[in-house]
Structures are given as C-alpha cells and as structure tokens.
Amino acid sequence: MKMKALALSAVLLATASAQADEIRYALWAQPGEAQYEGAQEFKRVVEENSDHTVTIFPGDQLGTPREVYAQMALGSTQMLASGDPGLKEIEYLALPYLMNGIDNYKKVLDTDFGKEWNERLTAERQVRMLGFMPRSPRQISANVVINSMDDLSGLKLRAPERDYYVESLRALGANPTPMAFAEVYTALQTGIVDGQENPIETIYAQKFYEVQKGVAMVDYINKPAYVVISDQFWQGLSEEDQALLQKANDASTAKVNELMPDQTEKYIAEMEAAGVTVTHPDKTPFMEATQSVRDNLGKGVWGEDIYKQIVEIGKE
C-alpha cells in the first residue's frame, strides 16, 4: 500500500508540474483577426525560448472576462486579453474621445496614481497587467447610412453593459439597448435593435455587416484590450521566464500593430463590396456631445484633479 501511495503521489506531482508549464490564454478575438495572430506570436516566442507551452482559446471559448477572472483566481487559466482590465479606474480610460491610443494609456499607467491602480489590481484581483493588445477604434453600424450625428437620432443601438457605453450613445442621440454580445447578430437580423458599435475587425469577424446598411467611422472610443496574467502563476516563474513573457507580449503587440492597418483596409473594402456604405462623418459634433459624459463619469471615478491630469495626457 505504501508503494502504491508513493507512486500515486509521484503521478500527482508530475501532473501538477505539467499543468504548471502550460499557459492557458483566453482571448475574445477569432482566428484570422490581427489580435489572434498577435496571441499566436506570443505563443511562438514563449515556446521557442522555454519549456512552457501556450494554448490559445479564441472567441471567448473559456467564457466571459468575469468568468475567466474566476478561473485565474483558481489557477486553471493563466492569461486573459479583454476589454476588462479588472479595475474600474483603469477601465474608464475608455471614456469617449478621451484617449488617442495605447501610448496615452501607457503614460497614464506610468503616473504615480496609475502605478497605484496596478498595485490595487494585483491585490484585489490576483492578476497583474502584462501589457496591451491593440484594437482599432470603435465605430457605429446601423440599418441606415450614417452621414452625421443627426442620423443616430432615436436609433436603437446595442450597447455593452457598461454605463460609459450607454451614456455615450445616449449623448449622441441614440436609444442605447444593453445586451449580451452573443445576442447581437440575431438582434440586428430581427430588428430588435437598429445597430451596434464595435471595432471594424469585430464588425467584420462577427459578420454584423451582413445585416447592416451603414458603418460610420467616428472613432468614438479608442480602447485597447488589456493583457493580464495570474499573479500566482507569475510569482512562480523565474526572473528569466518573467522577462521572456514580457518580451513575448511586446512581440505580440508589435505583430498586431503590423497587421491591423492592412486588415482594416481589407475589411472595409469587403464590407463595401457586400453593399455596406462606409461613411466618415465630421467627428466634432460627436466630441462635443459626449463632453458631459467624460466630465461626469471621469470626475466621478477619479476625482477632479486626476481627471484633469488624464485629460491632458489624452491630448498628447
């Protein structure tokens, strides 16, 4: 019996060791999207330079970000790329027309208050931010052609279930309808909603353009995905492997940035070929209409002083 127990212990230890070497990486993007290719680049760099293996789970296969955060706390999933950074103060950097791009996000998180947010993220959610995964700005599609902000008046637009999306679309004159992402295509197809908002790569990958007449390039929210890693897993890595994972994420970001411009151009061309009218409305009215959303939610989340600092960084 003692020998059997020892043998079983050895098997369990070997299994635990094998699992510890696997990095399960949850991702919203679908195969073919630049962001998926970026995750594949992360996998390539890690596997070519270490004994770790990386398994990519695209298309939200492992569940919603909230569900994946729970998995990460339990140790069954190690990494996540999503629009949910796990901390409200960081997420609200996605207020409309606040940030111009990833460089602005980096500058905010490099401030003293940004570093404090990251420390809280690790303490409260047991994850740490590894970096960003670029996404293109969010655009608006509808079952009508959108030439100006006036064309959004009264349209039922699906909104993610976050107040800054809902308040932004309401400020633009639309009737925002919060809805789970999985329900969007059918809701567009059946007329439950008139339109939705997402980056171009998502509109294309999810085939929303099949049931829409117009896409308006309004860049109303410029929001990357956040790449987070289980802190427990991170702490168990050697310094060399920690540096490798950081290098791999930098390579992933570079790959996405390399692919996105051509992909965006290709996706727009294919949507236009399918009969969708892609417009470029004057963004000034959109920016002016959402000023109160930025002010009210920004001051509410960060306080007036930090909000003012973030506004200035967002202009850089």
Side-chain angles (χ1 to χ4, degrees), residues 28-29 59-60 63-67 82-99 135-146 148-226 271 276 278-279 281 283 285-298 300-301:
W28 86 94
D60 291 329
T64 64
R66 181 177 298 178
E67 291 167 337
S82 83
D84 181 358
L87 192 73
K88 186 174 183 178
E89 286 84 351
I90 299 175
E91 182 178 1
Y92 276 66
L93 293 173
L95 288 173
Y97 298 109
L98 182 61
M99 297 282 108
R135 299 187 77 180
S136 66
R138 299 179 82 92
Q139 317 298 354
I140 297 174
S141 73
N143 57 11
V144 296
V145 176
I146 304 164
S148 71
M149 197 178 80
D150 291 342
D151 294 324
L152 297 177
S153 180
L155 289 182
K156 291 182 292 181
L157 298 184
R158 178 267 174 177
E161 298 169 298
R162 290 286 196 278
D163 59 356
Y164 57 91
Y165 289 110
V166 172
E167 294 303 322
S168 296
L169 295 179
R170 183 174 290 127
L172 296 177
N175 179 14
T177 305
M179 181 183 298
F181 184 71
E183 302 170 11
V184 177
Y185 186 95
T186 300
L188 294 170
Q189 188 177 41
T190 58
I192 293 174
V193 293
D194 302 312
Q196 60 82 55
E197 57 74 60
N198 259 300
I200 283 294
E201 60 267 21
T202 302
I203 295 172
Y204 180 85
Q206 298 296 326
K207 300 186 185 299
F208 295 154
Y209 67 92
E210 293 180 342
V211 286
Q212 300 279 262
K213 291 182 180 178
V215 173
M217 305 293 285
V218 294
D219 302 342
Y220 91 107
I221 284 179
N222 204 328
K223 177 184 181 183
Y226 302 90
M271 287 192 289
V276 174
V278 178
T279 58
K283 288 184 278 193
F286 290 78
M287 294 177 185
E288 293 174 348
T290 53
Q291 182 68 58
S292 61
V293 178
R294 289 190 294 282
D295 291 345
N296 294 337
L297 292 181
V301 172

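None of the values given here were measured: they were computed from a predicted structure.
The shortest non-hydrogen separation linking Ala187 to Met179 is CB-SD, 3.5 Å. Here the closest heavy-atom approach between residue Met149 and residue Ala289 is recorded as SD-CB, 3.8 Å. Between Tyr209 and Tyr204, the shortest heavy-atom distance links the atoms CE2-O, 3.6 Å. Counting all heavy atoms, side chain and backbone alike, Asn175 lies closest to Gly154 at CB-O, 4.1 Å. Minimum interatomic distance between Pro96 and Ser168 (heavy atoms only, all atoms of both residues): CG-OG, 3.2 Å.
Every residue two or more places apart in sequence or in another chain was checked for a salt bridge (Lys or Arg N to Asp or Glu O under 4.0 Å) with Asp60, and none qualifies. Under the side-chain hydrogen bond (donor to acceptor under 3.5 Å, both in side chains) criterion, Gln212 pairs with Ser141, sequence neighbours left out. Every residue meeting the salt bridge (Lys or Arg N to Asp or Glu O under 4.0 Å) condition with Arg138, not counting sequence neighbours, appears here in chain and number order: Glu197. The side-chain hydrogen bond (donor to acceptor under 3.5 Å, both in side chains) check on Asn143 picks up Asp194, with sequence neighbours excluded. The side chain to side chain contact (heavy atoms under 4.5 Å, CB included) search around Pro176 returns Ala159, Val166, Leu169, Arg170, not counting sequence neighbours. Among residues two or more places apart in sequence or in another chain, the salt bridge (Lys or Arg N to Asp or Glu O under 4.0 Å) test is passed with Lys283 by Asp219. For Thr202, the side-chain hydrogen bond (donor to acceptor under 3.5 Å, both in side chains) partners two or more places apart in sequence, or in a different chain, are Arg135. With sequence neighbours excluded, the residues satisfying side-chain hydrogen bond (donor to acceptor under 3.5 Å, both in side chains) with Gln291 are Arg294, Asp295. Partners of Tyr226 by ring-ring contact (aromatic ring centres under 6.0 Å, His included), not counting sequence neighbours, listed by chain and number: Phe132.
Judged purely by atom type and a 3.5 angstrom limit, Gln196 has no side-chain atom pairing as donor or acceptor with the backbone of Leu157. Panel note: side chain Ser82, backbone Asp84; a donor-acceptor pair is recorded below 3.5 Å. At distances below 3.5 Å, at least one donor-acceptor pair connects side-chain atoms of Thr279 with backbone N or O atoms of Ile146. Formation of a donor-acceptor pair under 3.5 Å by the Glu201 side chain with backbone atoms of Ser136 is found in this model. The closest donor-acceptor contact from the side chain of Thr64 to the backbone of Glu67 lies under 3.5 Å.
Here the CD1 atom belonging to Ile203 is positioned 9.5 Å from the CD1 atom belonging to Ile140, to the nearest 0.5 angstrom. Atom CG of Leu98 and atom OH of Tyr220 lie 14.0 Å apart (nearest 0.5 Å). Taking CE from Met99 and CG from Asn222, the interatomic distance works out to 9.5 Å, rounded to the nearest 0.5 Å. Annotation: the span from Ile221 atom CD1 to Asn198 atom CG amounts to 10.5 Å, rounded to 0.5 Å.
When side chains are defined from C-beta on, Ile192 does not count as touching Glu183, because their heavy atoms never get closer than 4.5 Å.
Here ring-ring contact (aromatic ring centres under 6.0 Å, His included) pairs that include residues 182-202, with residues two or more places apart or in two chains, number zero. Every pair tested for side-chain hydrogen bond (donor to acceptor under 3.5 Å, both in side chains) that includes a residue from residues 148-159 fails, sequence neighbours excluded, so the list is empty. Note on residues 86-97: pairs passing side-chain hydrogen bond (donor to acceptor under 3.5 Å, both in side chains), not counting sequence neighbours, are Glu89-Arg120, Glu91-Arg162, Glu91-Tyr164, Tyr92-Asp163.
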